[in-house]
Visitor: 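My questions all concern the structure below.
Nothing fancy with the numbering, it's 1 onward along the sequence. This is a predicted model, so every value here is computed, not measured. Start at 1 and go down the list; that is how both ligands and their atoms are numbered. Below, all heavy atoms of this structure are taken into account, side chains as well, without hydrogens, waters or symmetry copies.
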Amino acid sequence: MALTGLRVIELAGLAPAPFCGMILADFGARVIRVDRTKVSMTVDTQARGKQSVALNLKSPKAVAVLKRLCVQSDVVLEPYRKGVMEKMGLGPEDLLKENPRLIYARLTGYGQSGSYAKAAGHDINYLALSGLLSMLGRSSEKPYAPLNLVADFAGGGLMCAFGIVLALLERSRSGQGQIIDASMVEGAAYVGSFMWKSRTLGLWNRPRGENMLDSGAPFYDTYRTSDGKYMAVGAIEPQFYQQLILGLGLDDADLPSQMSVSDWPQLRQTFTQVFATKTQAEWGRIFDGTDACVTPVLSLDEVLSHPHNQARGSFFKDSQGEISPRPAPVLSRSPAEACRTRDPFIGEHTRTVLKEYGFEQAQIEQLLSDGIIECNEAKARL
Ligand SMILES: C[C@H](CCC[C@@H](C)[C@H]1CC[C@H]2[C@@H]3[C@H](O)C[C@@H]4C[C@H](O)CC[C@]4(C)[C@H]3C[C@H](O)[C@]12C)C(=O)SCCNC(=O)CCNC(=O)[C@H](O)C(C)(C)COP(=O)(O)OP(=O)(O)OC[C@H]1O[C@@H](n2cnc3c(N)ncnc32)[C@H](O)[C@@H]1OP(=O)(O)O
């Protein structure tokens with residue numbers, strides 16, 4: 001796999017950093033997540049392929065252990081509020097001094113500088129500050145965050161993984177590591193570059209929810225079917241729009257022009273009425289194989305059995321029967337291989353990892369009896 005041989009230390013976080021770590025693990029990196037001690041379960045639902053070491057970082061001895069792990073690794077991924085790592089003596093200067101090849105990735109909401117740098121926040125706050133939230137939502141309704149997909153995952157975890165891969169590429173030339181300041185505000189805004197760069201096209205001139213791509217246009221929206229499901233319509237170009245009209249059994253001559261904005265409410269009403277006359281499966285049979293850009297809105301459970309997804313193996317079931325998306329994109333020679341076994345228990349790999357990083361058996365036992373580390377292999381075998 002592309003990242004085989006890479007050693008990553010991931011400090012346990014909420015959602016974006018775990019996703020970043022999972023991407024690296026899916027593509028072959030050895031990802032060691034550092035968990036707290038005395039917690040019964042992790043909130044990391046994106047632990048696929050990772051190992052877990054449990055350290056009580058409130059103890060200086062545990063901090064010393066972590067430092068040893070970090071300086072012998074390629075990447076450190078930390079998701080804490082600005083200053084937390086420095087307070088422990090694990091800031092980038094401390095670690096890069098000992099391992100100049102280290103890539104030190106800091107994944108935060110607001111970045112390492114600026115007046116918000118130390119403020120708590122979540123996806124919705126970062127999205128708000130990026131400018132994008134102001135554009136999301138239906139006409140005459142308040143802004144609406146599309147789950148925590150944009151800032152946490154696209155602008156956060158994914159963007160940070162991209163930064164790590166870039167830094168690794170650069171390190172292969174320079175031999176040097178570097179610090180990555182991954183702000184979710186900036187990551188989200190960058191993902192949304194199109195919104196700024198396409199303003200000259202007049203795509204966003206109207207209020208929120210009344211433009212072509214923000215659910216303002218009837219040919220770019222979802223419609224309820226007779227069985228309470230939905231179809232997604234994205235028939236923008238005239239030739240595709242014609243296919244939509246044809247599939248719906250409508251006559252173009254009876255309809256207003258596609259781009260007549262003042263007629264969009266009436267056109268939407270017509271589409272709504274027609275879509276409500278058949279089930280999702282019936283519409284699927286009508287539109288499949290056409291260029292109308294009409295697709296069923298599938299649930300997370302339905303994706304696995306859709307013929308297209310099935311043909312590509314886009315989703316898989318792990319050993320626990322849980323459905324997950326296959327890692328993307330697909331590399332032809334060294335594709336990712338998502339681990340199919342269960343997620344690690346907290347502290348399951350403490351002993352193995354410490355041994356591998358050069359700790360003596362006696363040292364490990366001492367750390368254990370001092371409550372600095374936790375080892376949970378016994379539980380793991382149950
Ligand atoms: C919208 C999303 C968030 C969604 C996440 C949800 C899915 C989950 C959120 C809450 C979960 C529920 C909850 O935990 C209760 C249940 C628990 C149960 O086990 C499971 C069910 C639960 C219901 C559970 C279910 C779900 O998992 C949840 C609902 C987001 O937007 S995520 C993005 C958040 N933002 C960032 O990541 C940006 C950067 N980070 C930050 O800004 C801050 O970290 C943050 C997130 C604001 C948190 O601030 P906080 O004050 O808590 O921490 P920090 O200042 O960063 O400092 C960290 C301190 O922790 C110490 N520490 C770290 N590791 C260790 C260790 N191994 N041992 C000891 N101590 C450790 C560290 O030293 C710091 O201590 P100090 O404060 O003393 O310096």
Visitor: Taking the six-membered ring of F359, is NZ or CZ of R351 closer than 6.0 Å to its centre and within 45° of its axis?
Guide: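 No, R351 does not lie over the aromatic ring of F359.
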Visitor: For atom 40 (N) of ligand 1, which protein heavy atom lies nearest, and how many Å away is it?
Guide: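 Here the closest protein heavy atom is P79 O, 3.0 Å.
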Visitor: Report the relative orientation of the aromatic rings in Y241 and F271; use parallel for angles under 30°, tilted for 30 to 60°, perpendicular for over 60°.
Guide: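 Taking F271 first and then Y241, their aromatic rings sit tilted (interplane angle of 30° to 60°).
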Visitor: I'd like to know whether ligand 1 has G109 as a neighbour, heavy-atom separation below 4.0 Å.
Guide: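 G109: in contact with ligand 1 (<4.0 Å).
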Visitor: For atom 64 (N) of ligand 1, which of the options Y80, Y126, Y116 provides the nearest non-hydrogen atom?
Guide: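 Looking at heavy atoms only, Y80 sits closest to atom 64 (N) of ligand 1.
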Visitor: In the protein, what heavy atom is nearest to atom 57 (O) of ligand 1, and what distance, to one decimal place, separates them?
Guide: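 Checking every protein heavy atom, the shortest distance to atom 57 (O) of ligand 1 gives V84 CG2, 3.5 Å.
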Visitor: Which heavy atom of the protein is the closest neighbour of atom 49 (O) of ligand 1, given with residue, atom name and distance?
Guide: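 Here the closest protein heavy atom is R81 NH2, 3.3 Å.
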Visitor: Answer yes or no: is there an ion pair linking E374 with R36, defined by an N-O contact shorter than 4.0 Å?
Guide: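 No, this pair does not count.
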Visitor: Can you pull out the closest protein heavy atom to atom 59 (C) of ligand 1? Residue, atom name and distance to 0.1 Å, please.
Guide: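 The closest one turns out to be R36 NH2, 3.7 Å.
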Visitor: Among all the protein's non-hydrogen atoms, which is closest to atom 33 (C) of ligand 1, and how far away is it?
Guide: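 Result: D152 OD1, 3.5 Å.
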Visitor: Could you tell me the residue and atom name of the protein heavy atom closest to atom 78 (O) of ligand 1, and the distance to it rounded to 0.1 Å?
Guide: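 Heavy-atom neighbour on the protein nearest atom 78 (O) of ligand 1: K58 NZ, 2.9 Å.
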Visitor: State if D35 counts as touching ligand 1 under the rule of any non-hydrogen atom under 4.0 Å.
Guide: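 Yes, D35 has a heavy atom closer than 4.0 Å to ligand 1.
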Visitor: Among all the protein's non-hydrogen atoms, which is closest to atom 77 (O) of ligand 1, and how far away is it?
Guide: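 For this ligand atom, the closest protein heavy atom is K87 NZ, 4.5 Å.
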Visitor: Decide whether a cation-pi geometry holds between R138 and Y144; the criteria are a distance under 6.0 Å from NZ or CZ to the six-membered ring centre and an angle within 45° of the ring axis.
Guide: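 Output no; distance or angle outside limits.
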Visitor: I373 and L11: same hydrophobic cluster, using ILVMFWY side-chain contacts below 4.5 Å?
Guide: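 As far as the 4.5 Å side-chain criterion goes, L11 and I373 are connected within one cluster.
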Visitor: Please report which non-hydrogen protein atom sits nearest to atom 46 (C) of ligand 1, along with the residue it belongs to and the distance in Å to one decimal place.
Guide: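 The answer is L14 CD1, 4.1 Å.
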Visitor: Under 4.0 angstrom from ligand 1, any heavy atom of M184?
Guide: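 Yes, that is the case, since the closest heavy atom of the residue is under 4.0 Å from the ligand.
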Visitor: Return the option from D44, T108, D123, V43 holding the heavy atom at the smallest distance from atom 17 (C) of ligand 1.
Guide: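 The option holding the nearest heavy atom is V43.
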Visitor: Would you say the ring centroid of Y230 lies under 6.0 angstrom from that of Y223?
Guide: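 Centroid distance Y230-Y223: not below 6.0 Å, so no.
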Visitor: E356 and side chain to side chain donor-acceptor pair (under 3.5 Å): which single residue from Q51, R30, Q72 fits?
Guide: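 Exactly one pass, corresponding to R30.
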Visitor: So is L55 in contact with ligand 1, going by heavy-atom distances below 4.0 Å?
Guide: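 Yes, that is the case, since the closest heavy atom of the residue is under 4.0 Å from the ligand.
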